[in-house]
S.K.: 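Structure incoming, see below.
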Amino acid sequence: MTLARQAIEEHGAWQKVVELEALALMVATLRPHRVLEIGTHKGGTLWLWSQLAADDALLVSVDLDHETVWAAMNADERLREDLRPLIDQERLFFVEGDSSRAGTQRAVERLFGGESVDLLFIDGGHSYLAALVDWYRYSGLVGKGGLIVLHDTREADNAGVDQLWAELKEQYETTTEIVATDPSRWGGISVVRV
């Protein structure tokens, strides 16, 4: 079983397998030292980044309410065993709050201590405005060679993250779209390499 499939099937990541597997290959090649995830839900993708990141990586999760993550950790012994040492070693931090708020951004910046982020995974609010604000608040933290990843860039029923992606891919030279070939109109992972 691949790590991406394990993140989905065992740890509750809300992603399409083929899309997450392709992204996991990119992240594994990068071996990020600093990871920022906006929107953690049950912690499945956060667990995946912890498995693919450098051994001394610093991971920061921003979510409106981390109760879902804590509940998932309590229900999932393996997730708890994998993430607890990172918390104890002060290599994994949870910032509870609205990612669009300046105070949340300042808390994130303090945790990274001026160091650039290697992987930014944006999977928070899915409205156009929410995704745009996350992009502008946090994309500047990503250093050269880093990845900025947007999830749900194939939402057909609303002009949200998909609209932002349409604008971004026109502005950046190095972009990748990862889209499953199944007929459903959700998902889609889009990547900008800084």
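The first residue in the sequence is number 1, and the count goes up from there.
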S.K.: Under 3.5 Å, is there a donor-acceptor pair between the D162 and T153 side chains?
M.R.: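 T153 and D162 do not have a side-chain donor-acceptor pair below 3.5 Å.
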
S.K.: For a side chain to side chain donor-acceptor pair (under 3.5 Å) check, start with the C-alpha distance between D98 and T104, then their side-chain angles and the critical distance, and finish with the verdict.
M.R.: CA-CA 7 Å; D98 184 338; T104 303; over 6 Å; no

S.K.: Check the hydrophobic clustering (I, L, V, M, F, W, Y; side-chain heavy atoms under 4.5 Å; chains of links allowed) and say if V161 and V142 are grouped together.
M.R.: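 Yes, V161 connects to V142 through the hydrophobic network.
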
S.K.: Take D123 and T45 through the test side chain to side chain contact (heavy atoms under 4.5 Å, CB included) and record every step on the way to the result.
M.R.: CA-CA 10 Å; D123 192 13; T45 51; 5.7 Å; no

S.K.: Taking the side chain as everything from C-beta on, heavy atoms only, tell me whether R106 gets closer than 4.5 Å to R110.
M.R.: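 Side-chain contact under 4.5 Å: yes.
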
S.K.: Under the 3.5 angstrom rule, does the side chain of R137 hit a backbone N or O of Q105 as a donor-acceptor pair?
M.R.: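 No, R137 side chain to Q105 backbone: no donor-acceptor pair under 3.5 Å.
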
S.K.: Could you check whether any side-chain N or O of D76 sits under 3.5 Å from a backbone N or O of L79, counting only pairs where one atom can act as donor and the other as acceptor?
M.R.: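 Present.
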
S.K.: Would you indicate whether the side-chain heavy atoms of V149 and I122 approach each other to under 4.5 Å?
M.R.: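 Result no, sub-4.5 Å side-chain heavy-atom pair not found.
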
S.K.: Please answer: with hydrophobic residues joined when any side-chain heavy atoms are less than 4.5 Å apart, are L58 and L141 in the same cluster?
M.R.: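 Yes, same cluster.
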
S.K.: Applying a strict under-4.5 Å side-chain criterion to I, L, V, M, F, W and Y, I'd like to know whether F121 and L147 cluster together.
M.R.: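 Both belong to a single hydrophobic cluster.
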
S.K.: So do the side chains of V133 and S99 get within less than 4.5 Å of each other, counting heavy atoms only?
M.R.: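 Contact flag for V133/S99 side chains = no.
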
S.K.: Is the backbone N or O of E9 less than 3.5 Å from a side-chain atom of H11, with the two atoms forming a donor-acceptor pair by type?
M.R.: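 Between the backbone of E9 and the side chain of H11 there is no qualifying donor-acceptor contact (under 3.5 Å).
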
S.K.: Is there a donor-acceptor pair under 3.5 Å between the side chain of E19 and the backbone N or O of G188?
M.R.: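 Yes, the answer is positive, given that a donor and an acceptor are paired below the 3.5 Å cut-off.
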
S.K.: Is it the case that atom CD in Q171 sees more than 12 heavy atoms from other parts of the structure closer than 6.0 Å?
M.R.: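 More than 12 within 6.0 Å, yes.
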
S.K.: Just checking, is any N or O donor in the side chain of E109 or Y138 under 3.5 Å from an acceptor N or O on the other one?
M.R.: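 The answer is no; no qualifying pair exists.
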
S.K.: Using only atom types and a distance under 3.5 Å, with no angle test, would you say the side chain of D118 pairs donor to acceptor with the backbone of H33?
M.R.: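 Yes: the side chain of D118 pairs with the backbone of H33.
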
S.K.: Can a donor-acceptor pair be found, under 3.5 Å and without considering hydrogens, that links the side chain of N74 to the backbone of W70?
M.R.: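 Side chain of N74 to backbone of W70, a donor-acceptor pair under 3.5 Å: yes, one is there.
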
S.K.: For a 4.5 angstrom cut-off between non-hydrogen side-chain atoms, does K42 reach W14?
M.R.: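 Result no, sub-4.5 Å side-chain heavy-atom pair not found.
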
S.K.: Is M26 linked to L48 within one hydrophobic cluster, defined over Ile, Leu, Val, Met, Phe, Trp and Tyr using a side-chain heavy-atom separation of less than 4.5 Å?
M.R.: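 Hydrophobic grouping puts M26 with L48.
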
S.K.: Do V17 and W49 sit in the same hydrophobic cluster, where Ile, Leu, Val, Met, Phe, Trp and Tyr count as joined when their side-chain heavy atoms come under 4.5 Å apart?
M.R.: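 Yes, it is one cluster - the side chains of V17 and W49 are joined through contacts under 4.5 Å.
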
S.K.: Under the rule for side-chain contact (heavy atoms from CB on, under 4.5 Å), what residues qualify as partners of E10, not counting sequence neighbours?
M.R.: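 With sequence neighbours excluded, E10 shows a side-chain contact (heavy atoms from CB on, under 4.5 Å) to M1, Q6, R78, given in chain and number order.
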
S.K.: Any side-chain heavy atom of L59 within less than 4.5 Å of one from W47?
M.R.: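 A side-chain contact under 4.5 Å is absent here.
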
S.K.: Does R31 come within less than 4.0 Å of D55, counting only side-chain N to carboxylate O?
M.R.: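 Between D55 and R31 there is a salt bridge, with a charged N closer than 4.0 Å to a carboxylate O.
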
S.K.: Could you check if a side-chain atom of V95 sits within less than 4.5 angstrom of a side-chain atom of L111, using non-hydrogen atoms only?
M.R.: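 A side-chain contact exists here, since the closest heavy-atom pair is under 4.5 Å.
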
S.K.: Taking side-chain contact (heavy atoms from CB on, under 4.5 Å) as the test, write out the residues that go with A130, two or more places apart.
M.R.: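 For A130, the residues satisfying side-chain contact (heavy atoms from CB on, under 4.5 Å) (neighbours in sequence not counted) are S127.
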
S.K.: Is the shortest heavy-atom distance from the side chain of R193 to the side chain of T176 under 4.5 Å?
M.R.: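 In short, these two side chains do not touch, never coming nearer than 4.5 Å.
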
S.K.: Do V62 and E37 have side chains that approach each other closer than 4.5 Å (heavy atoms only, starting at C-beta)?
M.R.: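 V62 does not reach E37 side chain to side chain.
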
S.K.: Does the R91 side chain pair with the main chain of A57, one donor and one acceptor, at a distance under 3.5 Å?
M.R.: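 Between the backbone of A57 and the side chain of R91 there is a qualifying donor-acceptor contact (under 3.5 Å).
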
S.K.: I need the single residue from I178, V179, V18 that forms a side chain to side chain contact (heavy atoms under 4.5 Å, CB included) with I189. Which is it?
M.R.: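 The side chain to side chain contact (heavy atoms under 4.5 Å, CB included) with I189 is passed solely by I178 among I178, V179, V18.
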
